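Okay, so here's the structure we're looking at.
In each ligand, atom 1 is the first atom listed, and ligand 1 is the first ligand listed. The basis for the numbers below is simple: all heavy atoms, side chains too, and nothing from hydrogens, waters or symmetry mates. Given the structure is predicted, the values throughout are model-derived calculations rather than measurements.
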Amino acid sequence: MEWPLVRSLLWVLVLVAHIHESKGCIEEERMSLLELKAFLKFSTNYIKPLLPSWVNEVKSECCGWERVICNATTGHVIEFYLSNINQESNYYPENWFLNRSLLLTFKELRILDLSHNGIGGWLGNEGM
Ligand SMILES: *[C@@H]1O[C@H](CO)[C@@H](O)[C@H](O)[C@H]1NC(C)=O
Ligand SMILES: *[C@@H]1O[C@H](CO)[C@@H](O)[C@H](O)[C@H]1NC(C)=O
């Protein structure tokens with residue numbers, strides 16, 4: 001009776017094919033979003049869990065994360081909305097600076113909303 005084994009193998013094949021088909025988020029961009037989250041957390045003294053859907057799990061689909069929008073065709077992040085991320089904080093740093101290199105990964109980024117966060121400017125390369 002080899003059939004159960006063959007059937008299991010077929011299921012595995014179907015599953016693998018399916019995973020390769022779906023245009024998920026780009027791994028490089030997922031890692032960059034996590035870096036950005038860590039940076040925001042560090043910079044803003046946010047007291048509540050910051051961006052709880054942004055988790056470091058391989059299966060986590062970053063195009064489904066809160067405040068993130070991807071191009072459905074390419075899977076690239078095209079917009080993110082991080083406005084007012086600091087609103088619940090009871091300690092509001094005067095000014096802090098965003099490291100521009102945190103954003104270089106996002107090749108197709110069109111809209112980046114970082115308003116109302118007390119960001120004073122960019123670290124590193126100017127001219128953005
Ligand atoms: C998504 O990417 C494709 C291919 O680059 C482009 O043609 C399309 O306009 C993009 N869609 C959006 C909503 O940006
Ligand atoms: C910005 O981030 C990059 C990459 O993580 C790092 O190499 C660089 O030193 C940082 N720049 C500043 C001014 O902190």
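- Partners of E57 by side chain to side chain contact (heavy atoms under 4.5 Å, CB included), not counting sequence neighbours, listed by chain and number: V55, S60.
- Under a 4.5 Å side-chain heavy-atom cut-off, the cluster of Ile, Leu, Val, Met, Phe, Trp and Tyr residues that includes I111 is completed by I69, I78, Y81.
- In the hydrophobic cluster analysis, where Ile, Leu, Val, Met, Phe, Trp and Tyr join through side-chain heavy atoms closer than 4.5 angstrom, F39 is grouped together with L114.
- Applying the side chain to side chain donor-acceptor pair (under 3.5 Å) criterion to S115, with sequence neighbours excluded, gives S83, D113.
- In this model, C63 has its SG atom within less than 2.5 Å of the SG atom of C70.
- Using cut-offs of 30° and 60° for the angle between ring planes, the W65 and W54 rings count as parallel.
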Tabulate distances under 3.5 Å between N/O atoms of ligand 1 and N/O atoms of the protein, writing both atom names on each line.
| unit_1 | atom_1 | unit_2 | atom_2 | d |
| --- | --- | --- | --- | --- |
| ligand 1 | 2 (O) | N71 | OD1 | 3.3 |
| ligand 1 | 2 (O) | N71 | ND2 | 2.2 |
| ligand 1 | 11 (N) | N71 | ND2 | 2.9 |
| ligand 1 | 14 (O) | N71 | ND2 | 3.4 |

